[in-house]
Amino acid sequence: MKLIQKIIQISRTLLISCCLLTSCNYLDVIPPAQADFDDTMKDEAATLNFLFTCYGYIPRVHPFEFKAFEQSADELISPKMWDDYQQQVAWGTISPSYYNSWGGDDMNIWTPSYNWLGYVHHFLSLIDELQPTGVTEDDKAQYKAECYFLEAYYHFRVLQAFGPCPLITEKVDPNITNDQIPGRSHFDYCVDYIVGKLDDAANVLPATRATEDLGRATSTICKCLKARVLLYAASPLWNGSFFKPDWQNENYETPDYGKELVSNSYDREKWNRALTACQEALTAAKAAGHDLFDIDTANKKAERDGVELPFIPGKEEDTPENEEFKERVRMFQYLITANEGDNNKEIIWGQRIDSDVNNGGEATDSRLPNRVVKKSDGSWAGGWAGLAPTLYAVQHFYTENGELPEQDSDFYPKSEWYTRFYEGTSSPELATNGLDSEDVKNDIIKLNAKREARFYAWIAFDGCEYAKKINNGNPLWLNFKNTNTNGWRSSDSRNIAGTGYLSKKFIDPNIRFSASGTRSHTPSRRPFIRMAELYLNLAECYAALDDTPNAIENLNVIRKRAGVRDLETADLTDMNITEWVRNERFIELYEEGHRYYDLRRWAIAPQMLKAGLRYGLNGLALNPNFEEFNTPTQIDQPFKWDDRLYLLPVWSRSDMDELYSNPQMVQAPGY
């Protein structure tokens, strides 16, 4: 979006110079006084440049987002040899001293968030003092409100990952002594502070922004973020079920809470408070013109791009019903990549990754299959085949009837899931001399047939048509069983995860590799907040408050858009309403960063992330036959759960001794 481009340009001047003057300590973030530093607010343009810099650590902006720890849940895995931050979390080996040369401390949010809070507070300390030319009092009020939003946002990013956190409420005196540095505040106290800042910002900010200012805070974004904050606060982990009830500060005390850091008793009122905020957020979003992305909008985008309808197994017959299903699949493919100029009204707050703007970027490469197109020089162009859905993910997208495969009496029995959907045998040798042969579709298994539209939009599987134009203007038909196509090769064992599936959630359906290996596509969108979440948040609140009819009503808004039948009270025999809410959330928000936090705040991570649960197909076998490949196989990685993984540790090394330099701080439990 526009704001990120501005931040990148500004970083070459203000941001880089400031960062070079900061140390690693999470409070030592104020640039030393300089003779020319006042120039950062000499006029309106300079003031806006400084303000845009304050947005600089919105998550997923940096190019390493595909390695973020949020990807360590049960949605997907990455290759074992990557040994990334997300895997250190998934394997239970993360420690306060962990360092990754790809991104180091930036991976864990703590220090960068506090560093950018330093810029926010520095901006607030100067805006009235310097009286920049051309900046009116109304302008100042707007800029301050944006800073209040950023205060709330950066604090919340720390709170959701690390739990109770230090609140930095103003510019810090550079001469502060160690014993004056604040420690962690009680979780509920942090929530109230964050919500207060969001309310202050929402009272001033506009509900919408012009195209050139997309990405800047609005009152709508503030209300939506408030709803998420309060939803988290009402959830079991922070509402009476914290895994370590005796965890508390040793020295630092929170006003009215003392040394206590978490509340150990259930409070139903937290759910009522969250419900009110969720209702207000949805109302505000609708009033601001936001709506769920739809088929008509996607069709117009596809027509401009020249993207035909996708191949869907079992939907070959030319009928209106099949055509509508394929249009729905294509709609979900465009949901993430279509922007405001394409009339995408769903994304309330989102950004693009800058490296993707230049048609590169690990976030895209990590999802694309190996050997997409054979170049004119005989070499291959493609991706890393790195982000691979688990069998759990595959099995928890719905059937076309809107039920889990295991519970749908009209779906295939489990004993047939891994047998051929199409009769006859495949001819995989036809795909060895080129990747455009659709004969491999004969190897599609029944588990991958008769599924809902979101499954086909976001999950790639053996025998599927990956994209219409990706192979130099032709389709790419995936063959994971053949070492000469997209299968596992010992010569390139680092770049394949091998579950038999790939994620294509953020892949533009118009993506294309040329014969020279050049890739063209629309930059991926990273939705921080979108309309579907608001309905799911509401459904969760209603379910927690035993209001099943309203929970079902909000779920059905999402299910209708997905093209599956309405949920009814009679469906609550196989799964209760809470389980339906949670699974719908798993599907709709798949790989958007929510699952990591959801499993923890629901306090079910020990059951869902323990050892022995992550399976895939046998995708790391060398040239397996159909039966060998389509065998559920436990993924060869040391996944495990330890309760300390509910929270990330504060980073602590000899050159960044957060804990040892601050007598008020305590480490997260178990580290």
S.K.: Any carboxylate oxygen within less than 4.0 angstrom of a Lys/Arg side-chain nitrogen, looking at Lys505 and Glu592?
M.R.: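 Salt bridge present between Lys505 and Glu592.
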
S.K.: Does Phe586 have its ring centroid less than 6.0 Å away from the ring centroid of Tyr392?
M.R.: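 They qualify: ring centres under 6.0 Å apart.
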
S.K.: Using a strict 4.0 Å threshold on nitrogen-to-oxygen distance, state whether Lys414 and Glu406 make a salt bridge.
M.R.: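 Yes.
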
S.K.: Under a 4.0 Å N-O cut-off, is there an ion pair linking Arg582 with Asp598?
M.R.: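 No.
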
S.K.: Drop me the distance from Asp642's CG to Thr93's OG1, to the nearest 0.5 angstrom.
M.R.: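 If I round to the nearest 0.5 Å, the distance is 11.0 Å.
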
S.K.: Take the angle between the ring planes of Trp458 and Tyr590 and call it parallel below 30°, perpendicular above 60°, tilted in between.
M.R.: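 Ring orientation of Trp458 relative to Tyr590: parallel.
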
S.K.: Roughly how far apart are Leu647 CG and Leu237 CG, rounded to 0.5 Å?
M.R.: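 CG of Leu237 is found 7.0 Å from CG of Leu647.
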
S.K.: Would you say that more than 12 heavy atoms from the other residues, nucleotides or ligands in this model lie under 6.0 Å from the CG of Asp492, or not?
M.R.: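 Check passes, neighbour count above 12.
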
S.K.: Looking at Glu400 and Arg328, does any basic side-chain N land under 4.0 Å from a carboxylate oxygen?
M.R.: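 Between Arg328 and Glu400 there is no salt bridge, as every charged N stays at least 4.0 Å from the carboxylate O atoms.
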
S.K.: Please give me the minimum heavy-atom distance between Gln395 and Pro405, naming the atom from each residue.
M.R.: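 Minimum heavy-atom contact is O-CD, 3.1 Å.
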
S.K.: Mind running side chain to side chain donor-acceptor pair (under 3.5 Å) on Gln86 and Ser78 for me, showing each step along the way?
M.R.: CA-CA 9 Å; Gln86 68 204 49; Ser78 55; 3.0 Å; yes

S.K.: To the nearest 0.5 angstrom, please state how far the CG atom of Leu368 sits from the CG atom of Leu387.
M.R.: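 The CG atom of Leu387 is 10.0 Å from CG of Leu368, to the nearest 0.5 Å.
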
S.K.: Check this for me, if you would: do Arg519 and Asp508 make a salt bridge, where the nitrogen-to-carboxylate-oxygen distance has to be below 4.0 angstrom?
M.R.: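 No, this pair does not count.
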
